[in-house]
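Reading through the structure tokens given below for one structure.
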Amino acid sequence: MVSIIYMLLATAMFFLQDTYFLLGGVEFSLKNPCIIGILFLALLNFTVTVRLDRVIILARHGVTQMLPLVIPFLFSSVIWVAQKADGVTIINGIGMIIPQILSIFVAASTLYLFGEKGIWYCLGAMCLANFLRVLAVIAQGGASAFFQEFITLLASFSGETGPLMLALEINDLTFAFGPFLIYLLLNRKETSHWLFWLVCSSVFFLIGLKRIAIPAVALGFFVAWLVRRMPEKAARQTALCLGAGMIFCSFMYIVGIRMGLFQYLQERLGINAMGRVEMFTNLEPYYDISITFMGRGTGFERFVDWASGVVYDTPRRTIMQIHNDFLRMYLNIGFIGYLVWLWGYLIVRLRYWFWQGGKDAGCLFLGICIYCFVLYATDNTIYYPYTMLACALVPMSCRFHDMAADIFEEHCVRWSKMGGNDFFEG
């Protein structure tokens, strides 16, 4: 019964992403009641089962995964106080962080309910939600037109997209399949029904095809596979060095943009920057490459239409976003905040996964980080809740049962030394 209720709620959560309702004049997504339902289901199940081993390991995993969310919030809070920001600005910023936190709670709830199998329940719900969307599009435009547009999409590598494919181009759901694909490619022998899950994930990944996502998955898998072939210590040290290199490269990418990288690519090399030159020009008045740059606070990008440079008094979700999550984060939390954020995002969490989950979990997490960083360079994926859910759930499920058993045994020994054995004996 629990699995059926979860599948219904999770499928509805993924399916109803862009369906909204009004409450007190404020627009809310219908996916939010589904999220609350999943959290309540896990809480209710906890009151009946009280699996302390899962709670302890999920608490550790959850805190680690939330670190890249807490750091921007702390730096933004200082910025809001220093700039005497109004309530609308603060609520807008917090409203961008809360969906990410909820995504991690959903991942933890899924693993509490089903253990390591939770990854397949979540992936199954994603596939089912996508399948329902495909059926709706086919009913609207016809099967023949659907398959013709799908073939054209693949043949043109998303260069030509028909109206039916556009209806299925939900970026968040498409990008969310990336971490699952990396997991499947790295764990063929350990995965039951591996071919079924790979085919399903690949098909829906391609239906909502995003060109940048394919090299992102390929690079993430290849680097993780290569590092995993090394001895444990060498793999950990290599991963940390790669993390440090990613921090350096992402910052130099921002510096390059400020110095006219995209103008050079467009004017000298003839590469179509797709409006990014004008967008980055409109961004220039709002940030500096300086250690004293404090940042504008999380959510600031919603006040400016970066395509035109028009500034609004209230935040808007429908304006042109910054197609560069590194620059977006730098703009929001400043020079120091950006480096601290990346340190928490990469170095701290890589150390944790290698320490807590061993080489397999550490390399898997490295692959997911590389996947995300490729996306961050050209897109707006950092605040996508479903992508965040996948990026949290996949590494958290790795060796979940073994880690839960080990950490619970450690705590039992510690409690017994503190006199906790009297408690367990009644």
Side-chain angles (χ1 to χ4, degrees), residues 65 67-76 96-97 100 175 178-179 182 210-213 215-220 222-224 227 238-265 273 276-277 279-280 283-284 286-298 300-301 306 321-353 362 365-384 387-388 391:
Q65 292 298 90
L67 191 59
L69 315 181
V70 173
I71 291 172
F73 174 73
L74 293 176
F75 276 90
S76 295
M96 296 185 71
I97 295 174
Q100 293 179 294
F175 288 134
I182 293 173
K210 301 297 291 182
R211 281 175 285 190
I212 191 61
V217 167
L219 184 62
F222 176 72
V223 174
V227 174
T238 301
L240 292 173
C241 288
L242 288 171
M246 290 161 68
I247 293 174
F248 176 77
C249 290
S250 71
F251 182 75
M252 294 309 297
Y253 183 47
I254 296 173
V255 174
I257 290 172
R258 182 72 185 195
M259 296 179 66
L261 172 64
F262 279 83
Q263 287 93 328
Y264 177 83
L265 294 175
R276 283 176 171 80
V277 172
M279 179 176 63
F280 293 145
L283 265 160
E284 288 182 3
Y286 299 98
Y287 76 100
D288 296 307
I289 305 298
S290 169
I291 194 172
T292 59
F293 176 62
M294 188 175 183
R296 303 279 178 168
T298 296
F300 172 77
E301 69 271 19
W306 301 108
Q321 295 293 314
I322 302 170
H323 285 267
N324 186 320
D325 281 327
F326 296 125
L327 186 53
R328 179 210 296 249
M329 192 60 68
Y330 183 84
L331 174 73
N332 284 342
I333 59 178
F335 186 98
I336 301 298
Y338 180 78
L339 295 180
V340 173
W341 169 68
L342 282 179
W343 169 78
Y345 192 111
L346 285 170
I347 305 302
V348 173
R349 295 202 298 172
L350 279 170
R351 286 183 180 275
Y352 172 80
W353 285 112
F365 182 72
L366 173 65
I368 292 173
C369 286
I370 292 172
Y371 169 75
C372 290
F373 269 51
V374 174
L375 301 183
Y376 292 170
T378 62
D379 223 297
N380 307 299
T381 54
I382 200 167
Y383 288 117
Y384 285 169
T387 305
M388 172 64 71
C391 290

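We're numbering straight along the sequence, starting at 1. Predicted, not measured: the structure shown is a model, and the values here were computed from it.
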Nearest heavy atoms of Leu346 and Ile247, plus distance in Å:
CD1-CG1, 3.7 Å

Test your reading of the model: is there a side-chain donor-acceptor pair from Gln65 to the backbone of Arg349, 3.5 Å cut-off?
no

Quick one: are Phe251 and Phe335 in side-chain contact, heavy atoms under 4.5 Å?
yes

Could you pull out the closest heavy-atom pair between Leu350 and Gly362, with the gap in Å?
CD2-O, 4.1 Å

Backbone N or O of Leu366 within a donor-acceptor pair of the Trp353 side chain at under 3.5 Å?
no

Quick one: are Trp306 and Leu283 in side-chain contact, heavy atoms under 4.5 Å?
yes

Mark yes or no for whether Arg328, through its side chain, and His323, through its backbone, hold a donor-acceptor pair below 3.5 Å.
no

Over 12 non-hydrogen atoms of neighbours within 6.0 angstrom of CZ in Arg351:
no

List the atom of Ser250, the atom of Tyr338, and the distance in Å for their closest heavy-atom pair.
OG-OH, 2.9 Å

Run the ring-centre check on Phe365 versus Tyr352 and record whether the distance is less than 6.0 Å.
no

d(Gln263 CD, Phe280 CZ) to nearest 0.5 Å is 9.5 Å

Heavy-atom neighbours of Phe293 CZ exceed 12 at 6.0 Å:
yes

Is the side chain of Tyr253 donor-acceptor paired with the backbone N or O of Ala377 at a distance under 3.5 Å, no angle test?
yes

CZ-OG1 distance between Phe373 and Thr381, expressed to the nearest 0.5 angstrom
10.5 Å

For Arg276, run the side chain to side chain contact (heavy atoms under 4.5 Å, CB included) check against Leu261, Ile322, Leu265, Thr378 and tell me which one passes.
Thr378

List the atom of Ala213, the atom of Tyr371, and the distance in Å for their closest heavy-atom pair.
O-CE1, 4.0 Å

On a heavy-atom basis, which atom in Thr298 and which in Pro72 lie closest, and how many Å separate them?
OG1-O, 3.8 Å

